[in-house]
Amino acid sequence: MRITVDPGRCVGAGQCVLTAPDLFDQDDDGLVTVLAGAADTADPGDVRDAAALCPSGAISVTAD
């Protein structure tokens with residue numbers, strides 16, 4: 001699974017961090033970041049839920 005985030009679209013709502021805190025974080029400006037190495041062990045359902053809940057559509061998930 002490949003997880004892509006677009007900080008330019010992120011509005012800092014934090015739904016991703018609330019849904020999958022082991023995978024996502026927010027930088028000092030409140031914008032989404034993917035934690036290093038987290039995609040390798042992330043639960044696919046949590047990743048899809050976080051992407052679906054993102055109000056700005058800043059998270060994309062594609063199969064490898």
Side-chain angles (χ1 to χ4, degrees):
M1 153 179 37
R2 181 182 173 123
I3 304 162
T4 307
V5 296
D6 181 353
R9 291 185 70 173
C10 181
V11 296
Q15 293 302 309
C16 53
V17 178
L18 292 172
T19 304
D22 295 336
L23 179 63
F24 297 103
D25 199 0
Q26 290 174 286
D27 65 14
D28 292 339
D29 294 323
L31 303 178
V32 64
T33 62
V34 178
L35 297 173
D40 298 330
T41 59
D43 179 292
D46 288 346
V47 175
R48 284 190 289 275
D49 287 347
L53 290 170
C54 180
S56 63
I59 302 170
S60 327
V61 182
T62 54
D64 280 339

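Quick caveat, the model's predicted, so the values are computed rather than measured. Only this structure's heavy atoms are used, side chains among them; waters, hydrogens and symmetry mates stay out.
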field: Residue list, side chain to side chain contact (heavy atoms under 4.5 Å, CB included) with Thr4, at least two apart or on another chain
entry: Arg2, Ser60
field: Separation of Thr19 OG1 from Asp43 CG (nearest 0.5 Å)
entry: 12.0 Å
- line: Sequence neighbours excluded, the answer for side chain to side chain contact (heavy atoms under 4.5 Å, CB included) partners of Val34 is Ile3, Val5, Leu23, Phe24
Nearest atoms (heavy-atom pairs only) where Leu35 meets Pro21: CD1-O, 3.7 Å
Members sharing Val11's hydrophobic cluster (side chains within less than 4.5 Å): none
- prompt: Got a sec, which residues hit side chain to side chain contact (heavy atoms under 4.5 Å, CB included) with Asp29, two or more places apart in sequence or on another chain?
  reply: Asp27, Leu31
Closest contact, heavy atoms only, Cys10 versus Gly30: SG-O, 4.2 Å
Side chains of residues 47-59: which donor-acceptor partners sit under 3.5 Å, not counting sequence neighbours?
| residue | atom | partner | partner atom | Å |
| --- | --- | --- | --- | --- |
| Ser56 | OG | Arg9 | O | 2.9 |

- request: Using the test side chain to side chain contact (heavy atoms under 4.5 Å, CB included), find all partners of Leu18 that sit at least two apart in sequence or belong to another chain.
  value: Gln15
